[in-house]
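First the structure, in the form of structure tokens, and then the observations on it.
The shown structure was predicted, so the numbers you read here are calculated from the model rather than taken from an experiment. Chain A is the first sequence line, chain B the second, and so forth, proteins listed ahead of strands; every chain is numbered from 1.
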Number of protein chains: 2
Amino acid sequence: MKKKALVNNTPVCQVRMQAISDAMSLLSGKWKFHILGTLIEGDKLGFMDLLREINGIGTKMLSKELQDLEMNNLISRKVMNTKPITVEYSITEYGRTLSALIDELAKWGIEYRKSVYGKL
Amino acid sequence: MKKKALVNNTPVCQVRMQAISDAMSLLSGKWKFHILGTLIEGDKLGFMDLLREINGIGTKMLSKELQDLEMNNLISRKVMNTKPITVEYSITEYGRTLSALIDELAKWGIEYRKSVYGKL
DNA sequence: CCCCCCGGTTTCCAAAAGGGAAGCACTTTC
DNA sequence: GAAAGTGCTTCCCTTTTGGAAACCGGGGGG
């Protein structure tokens, strides 16, 4: 007699697992949460602004991640008719639905850091 | 005159960014949320149980991820004195503090899937 | 004329992540 | 004594990810 999955065999758990995979396929990588978090805080930002705001990111990654996020409709890109051509990146309405998740992540990270470096 | 970061220059934002990096350094990878989610649902599970519950994972990844999670005190590993030696993996009290985050992730993933495959 | 700023793309490369298959030690069951 | 189950580790390989640096084109300033 072969054993089968017990916990995750229920439809509700299969859906949860699928959902986690779905979400991670959009949000994985070192920078996506940083970019989204920055755009949620600061309304409209240019490419160079983001490069300055997000410590450690380089032009290649920023450009690639912005394309990914735009493709998934989480952020929007608008080219402005200014004298030196500028681009405005901003969070979309849909991207804003991630703010609860990002808040949870940041909240947990803050508590984690407290637990590691002691209760001062 | 050199421009400086405006949005993330505030201490509160620096802390958030740091927190996001901290959290992701523990939780990154393809399987950690699945393992944690499964252990939150099902109380105590053996290695082979997890292998069956988590669709697609192989022994190598499971073993490695379990070690990572144990090192960070998110799960606990207890070797049992049973006839065929068995190991019980379970979520720690600390690991359980992730359930809100995992719920948010799953919730968002479910809504995302709905938005992609239309409102049926 | 040269350089800097904006907003990127391209190239090259190193490191990390991930997966398959096999092996290993031990025990029970057939 | 052979197979099967439990809990891994090791090896080898491919894919993915990430980063530094160069380059590009247009515009403005000195």
Record whether the side chain of B:Thr59 comes under 3.5 Å of the base of D:dT9 through a donor-acceptor pair of N or O atoms.
-> yes
Length of the NZ-P vector between A:Lys60 and D:dT16, whole Å = 14 Å
Can you tell me the distance, in whole Å, between the CG atom of A:Leu69 and the C1' atom of C:dG8?
-> 16 Å
Distance in angstrom units between B:Leu50 CG and D:dG7 C1', rounded = 12 Å
Carboxylate-amine/guanidinium contact A:Arg77 A:Glu70, below 4.0 Å = no
Between A:Gly58 and A:Pro84, whichever has its closest DNA chain D nucleotide further toward 5' is A:Gly58
Atom NZ of B:Lys30 to atom P of D:dT14: distance rounded to whole Å?
-> 18 Å
Is any side-chain heavy atom of B:Leu74 closer than 4.5 Å to a side-chain heavy atom of B:Leu27?
-> yes
Can you find a side chain N or O atom of A:Thr86 that sits less than 4.0 Å from OP1 or OP2 on C:dC6?
-> no
In whole angstrom, what separates A:Leu51's CG from D:dA21's P?
-> 14 Å
To the nearest angstrom, the CE-C1' distance between B:Met24 and D:dG18 comes to 13 Å
Of the candidate nucleotides C:dG19, C:dG8, D:dT6, which contains the atom at the shortest distance from the side chain of B:Met61?
-> C:dG19
Of the nucleotides D:dG28, D:dG7, C:dG18, which has the atom closest to the B:Glu65 side chain?
-> C:dG18
Would you mind checking if A:Glu111 and A:Lys114 are paired as a salt bridge, meaning a charged N to carboxylate O distance below 4.0 Å?
-> yes
Using a cut-off of 4.0 Å on non-hydrogen atoms, how would the nucleic acid contact of A:Gln67 be classed: base, sugar-phosphate, or nothing?
-> sugar-phosphate
Hey, is the side chain of A:Tyr89 poking within less than 4.0 Å of OP1 or OP2 on C:dG8, counting only N and O atoms?
-> yes
Report yes if some heavy atom in the side chain of B:Phe47 is under 4.5 Å from a heavy atom in the side chain of B:Ser63; otherwise report no.
-> yes
B:Arg52 vs D:dT6: side-chain N/O to OP1/OP2 distance below 4.0 Å | yes
B:Trp31 side-chain N/O to C:dA17 phosphate OP1/OP2 under 4.0 Å = no
Once you round it to whole Å, what is the distance between P of C:dC26 and CD1 of B:Ile85?
-> 10 Å
Nucleotide C:dC6, atom P - distance to CG of A:Leu62 in whole Å = 13 Å
Lys/Arg-Asp/Glu bridge criterion (N-O < 4.0 Å) met for A:Asp103, B:Arg16 | yes
